[in-house]
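Naming: A, B, ... by sequence-line order, numbering from 1 per chain.
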2 protein chains.
Amino acid sequence: MAHVANDDPTSPVQRERRTRILDATIALASQGGFDAVQMRTVAEQADVALGTLYRYFPSKIHLLVSALGREFERADAAMADNPVPGDTQADRVNHVLNRLTRGLQDDQHLTEALTRAFMFADRSARQEIQGVGQLLVRMLTRAMRPGATASDEDRAIARVIGDVWLAALMAWVNGRSSAEETSAHMERAVRLVLR
Amino acid sequence: MAHVANDDPTSPVQRERRTRILDATIALASQGGFDAVQMRTVAEQADVALGTLYRYFPSKIHLLVSALGREFERADAAMADNPVPGDTQADRVNHVLNRLTRGLQDDQHLTEALTRAFMFADRSARQEIQGVGQLLVRMLTRAMRPGATASDEDRAIARVIGDVWLAALMAWVNGRSSAEETSAHMERAVRLVLR
DNA sequence: GCCATGATAGGAACACGTTCCACTTCGAGA
DNA sequence: TCTCGAAGTGGAACGTGTTCCTATCATGGC
């Protein structure tokens, strides 16, 4: 107990297990959405015992929100490399949102699984949810002020836009609005808030 | 089949059963939140067989979203009677939101149950969700333009505000923001959109 | 090399949403 | 009043998320 041999409590083997689990989650979600992500199936496909899966992710919701977090981290890293095109704040923010939206709308099942998990999550997944929210705000504020640090006001605006984006995504996933309506709604919201 | 004796397919007894079921749902939700609303318990408390409960509401989600709809209808009716106070659009909209928010924040368990059900709902509950969304938009547009009919632009703005409100409510329910932060975030969003 | 300890495997068991079935009750039309 | 179909009852059964238990395995310290 007193001797900590390693700062990082996870060994390479464990990191690789975690990756396998998240990969299996994404694959199953892409294939059949939220319902297809069954804990027994994830465990089997990741070649891991059910108990081990639960040791890594304490619930299905944690698992799916963590998967969403990994996807967002990838998107964030990809967008951090080259600057967002566009002349105005609204243009750049819309570009980021369109990129995120398109990436998701190409895979409706995956989107449905990740969105619903995010929406359904309760306090126990607070940390994971907060991580996803911060990534979203980070991507949006970077589009608003490339290269500069964002003010509190900027972050509040980004959060509003993120809220609307999530709601719009949910409406799309639930078949209440088409892809066109969704992006129109988003652009209108961005135009309203960023002016 | 050819003879329809009654426009309304539900008898008074059935309406009363439906009311009992929704009452039991609200009571259980107030008491212990989403998890406490168990279908067997609802059926028992409403003095109805489990199969009958499922005949009235095809899933727990439908049940809870319908309960939310009934609450919103009540709020809508209550607010339709006397005009919303406030000099500007933003003032009146904030008033409506505060009223809705306070009504919900007084009962955190109920809010958690209804919000999470609304968020988790899938396409099969599309109709119920849409009803709730329309009620929210109706309450907001009435605050924006008392006595007048709302334009498409008005409705789009109201929808944006409704989106942010739901997201803020979710953040509050999940313990990611305090009641004060929630209302501050809401007021800021309204100020951004309505100017 | 050997041991202690934590991680993993394998699988049974439990809870709750959901489905199904056999039977009963109710109410409208002949 | 009788009959018939729809609605309701009571309860068994099933699926999937979650928990738990025991045996096995791997690893770091002696």
Discussion item. One pair to check against side chain to side chain donor-acceptor pair (under 3.5 Å): B:T115 and B:W172. What are the steps and the verdict?
Written reply: CA-CA 11 Å; B:T115 306; B:W172 175 71; over 6 Å; no
Nearest to the side chain of [X], which nucleotide is it out of [options]?
X: A:R55; options: D:dA7, C:dA9, C:dA7; value: C:dA7
X: A:K60; options: C:dG17, D:dG17, D:dG10; value: D:dG17
X: B:Y54; options: D:dA7, C:dG17, D:dG17; value: C:dG17
X: A:Q38; options: D:dT9, D:dT16, C:dA7; value: D:dT16

Worksheet item: Could B:R116 and B:F34 be counted as a cation-pi pair, given that NZ or CZ must be under 6.0 Å from the ring centre and within 45° of the axis?
Response: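 Ring-cation test returns yes.
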Over how many whole Å does the gap from [X] atom [atom1] to [N] atom [atom2] extend?
X: B:L53; N: C:dC16; atom1: CG; atom2: C1'; answer: 13 Å
X: A:R15; N: C:dT8; atom1: CZ; atom2: C1'; answer: 18 Å
X: B:R18; N: D:dA7; atom1: CZ; atom2: P; answer: 15 Å
X: B:M39; N: C:dA15; atom1: CE; atom2: C1'; answer: 15 Å
X: B:D35; N: D:dG17; atom1: CG; atom2: C1'; answer: 12 Å
X: A:L50; N: D:dC21; atom1: CG; atom2: P; answer: 15 Å
X: B:F57; N: C:dG17; atom1: CZ; atom2: P; answer: 16 Å
X: A:H62; N: D:dT19; atom1: NE2; atom2: P; answer: 11 Å

Worksheet entry | A:D107 and A:S30: side chain donor to acceptor below 3.5 Å |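 The criterion, which ignores hydrogens and geometry beyond distance, is satisfied for A:S30 and A:D107.
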Item to complete: Would you tell me whether B:T101 and B:N98 have side-chain atoms, one donor and one acceptor, within less than 3.5 Å of each other?
Response: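 No - no donor-acceptor pair under 3.5 Å links their side chains.
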Fill in: 5' precedence on DNA chain C between A:V48 and B:I61 (nearest-nucleotide basis)
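In this pair, the answer is A:V48.
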Worksheet item: Want to settle it: does A:R40 or B:V13 sit nearer the 5' end of DNA chain C, counting the closest nucleotide to each?
Response: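 Of the two residues, A:R40 wins.
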Worksheet item: Given that B:Y56 and A:P58 both sit by DNA chain D, which one's nearest nucleotide is further toward the 5' end?
Response: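 This one resolves to B:Y56.
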Discussion item. Please classify the nucleic acid contact of B:V37 as base, sugar-phosphate, or nothing, using heavy-atom distances under 4.0 Å.
Written reply: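 Contact class for B:V37: sugar-phosphate only.
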Worksheet item: Got a second to check how far A:M170's CE is from B:F120's CZ, nearest 0.5 Å?
Response: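 Answer for the CE-CZ pair, A:M170 versus B:F120, is 12.0 Å.
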